[in-house]
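Numbered from 1 within each chain, the chains take letters A, B, ... in sequence-line order.
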Amino acid sequence: MAKLKSDEIRRLTAHLKKRTNDAEQFNFIEDELRGEEATEFIREPEILSYFTESEIEIDFEETKWILKMIRYTHLRMIQRGISRDTIIKLFKRFIEFCRKNNEVITVGAYTIFGKSDSQSKSITLRIDVDDVSDKKGKAHTVTVFVGSGNVEDAFFIAPEQ
Amino acid sequence: MNETFIESAQKLTAPERREIMARLLAEQATEEFGTIWKSVRFDEKLRVVAYAAEQEKFVADLRELLKNGALIRIENQSDGTCEIYGKERTFYATMSEKKGFVALLGSWLPNEPPREIFLTEIS
């Protein structure tokens, strides 16, 4: 059980205020976000209804990728103030990195550690490459979710005694 | 210990080493690189959902695994993200242990752990 940081609460409440017309429901969610169990509250499926899943087509050197960001990713992006452009930029850099290092991207899971620019903090992206097809549209469907978020802020704990 | 064995182990990536450790150290919590390994077991009230549509087909398997007890490695306590090591599949999920809730985000076969990519800084 843990509280959210104040800037995380601010970003989440600002987003949710735009997404709900029900004042009573909004007040309930806001109370939960400010509560002692907020980090657990935002893992629940109910809160995800206020976030959206999106698909973005990315053309990269004659290859078309369909980058899907699930609702959970959107929630973590809002919580941490990570923009969609940042995720796209990191994903493009991932493709570029693999290309330069002659690493073939195949179906499966990837954990990507990086920064969107030299000023920003580290971001961990965990992605699943669901489909790689070179037929016609050369479509690649990828699910992206933000994992640890900011690695520097990750809270590590010791083993239980 | 066989030197070739050690050399082989050193060539493994961190996710590959975790896949092996998880199976060697089942039911035994141990520390590795500041992260935590622990075993969990849930009762019938456990709720398991998939947050990625592609993972829905694995929800039943994950639920069964967690009811029987499984070894997990917590990645980030604030997010509740963890890797859950099953005999035939490893799951990546966000978990609220006290609330008996697990949301599946991804999964892979033990011999195909996530590939780690470290992007260098943009100059």
Do the side chains of [Y] and [X] get nearer than 4.5 Å, heavy atoms only?
{"X": "E37(A)", "Y": "K98(B)", "answer": "no"}
{"X": "T143(A)", "Y": "L105(B)", "answer": "no"}
{"X": "F113(A)", "Y": "I117(B)", "answer": "no"}
{"X": "E40(A)", "Y": "E97(B)", "answer": "no"}

Tell me if the [atom1] atom of [X] is crowded by more than 12 foreign heavy atoms within 6.0 Å.
{"X": "E46(A)", "atom1": "CD", "answer": "yes"}
{"X": "K92(A)", "atom1": "NZ", "answer": "no"}
{"X": "R19(A)", "atom1": "CZ", "answer": "yes"}
{"X": "N21(A)", "atom1": "CG", "answer": "no"}

**OP:** Report whether F28(A) and F51(A) are members of the same hydrophobic cluster (ILVMFWY, side-chain heavy atoms less than 4.5 Å apart, transitive linking).
**Re:** yes
Subject >> V142(A) with F60(A), same ILVMFWY side-chain cluster at under 4.5 Å >> reply: yes
Can you give me the closest heavy-atom contact between [X] and [Y], atom names plus distance?
{"X": "V107(A)", "Y": "R115(B)", "result": "O-NH2, 3.4 Å"}
{"X": "S78(B)", "Y": "T39(A)", "result": "O-CB, 3.4 Å"}
{"X": "P45(A)", "Y": "Y51(B)", "result": "N-OH, 3.0 Å"}
{"X": "D79(B)", "Y": "R43(A)", "result": "O-NE, 3.2 Å"}

Original post:
With a 4.5 angstrom heavy-atom cut-off, which part of E116(B) approaches chain A: side chain, backbone, both or neither?
Top reply: both
Original post:
Given that the side chain runs from C-beta out, which part of F101(B) has a heavy atom under 4.5 Å from chain A: side chain, backbone, both or neither?
Top reply: side chain
Report which part of [X] has an atom under 4.5 Å of a heavy atom belonging to chain B: side chain, backbone, both, or neither.
{"X": "E44(A)", "answer": "both"}
{"X": "L48(A)", "answer": "side chain"}
{"X": "I112(A)", "answer": "both"}

**OP:** For chain A, find which of E54(B), M95(B), E112(B) contributes the most heavy-atom pairs closer than 4.5 angstrom.
**Re:** E54(B)
Original post:
Charged N to carboxylate O under 4.0 angstrom, R126(A) versus E83(B)?
Top reply: yes
**OP:** Check ring pair (Phe, Tyr, Trp, His ring centres under 6.0 Å) between F41(A) and all other residues, then give those that pass, not counting sequence neighbours.
**Re:** none
**OP:** Select, from R71(A), K68(A), E53(A), the one with the greatest count of heavy-atom pairs under 4.5 Å involving chain B.
**Re:** K68(A)
Original post:
How many angstroms lie between CD1 in I70(A) and CD in Q55(B), if you round to the nearest 0.5 Å?
Top reply: 9.0 Å
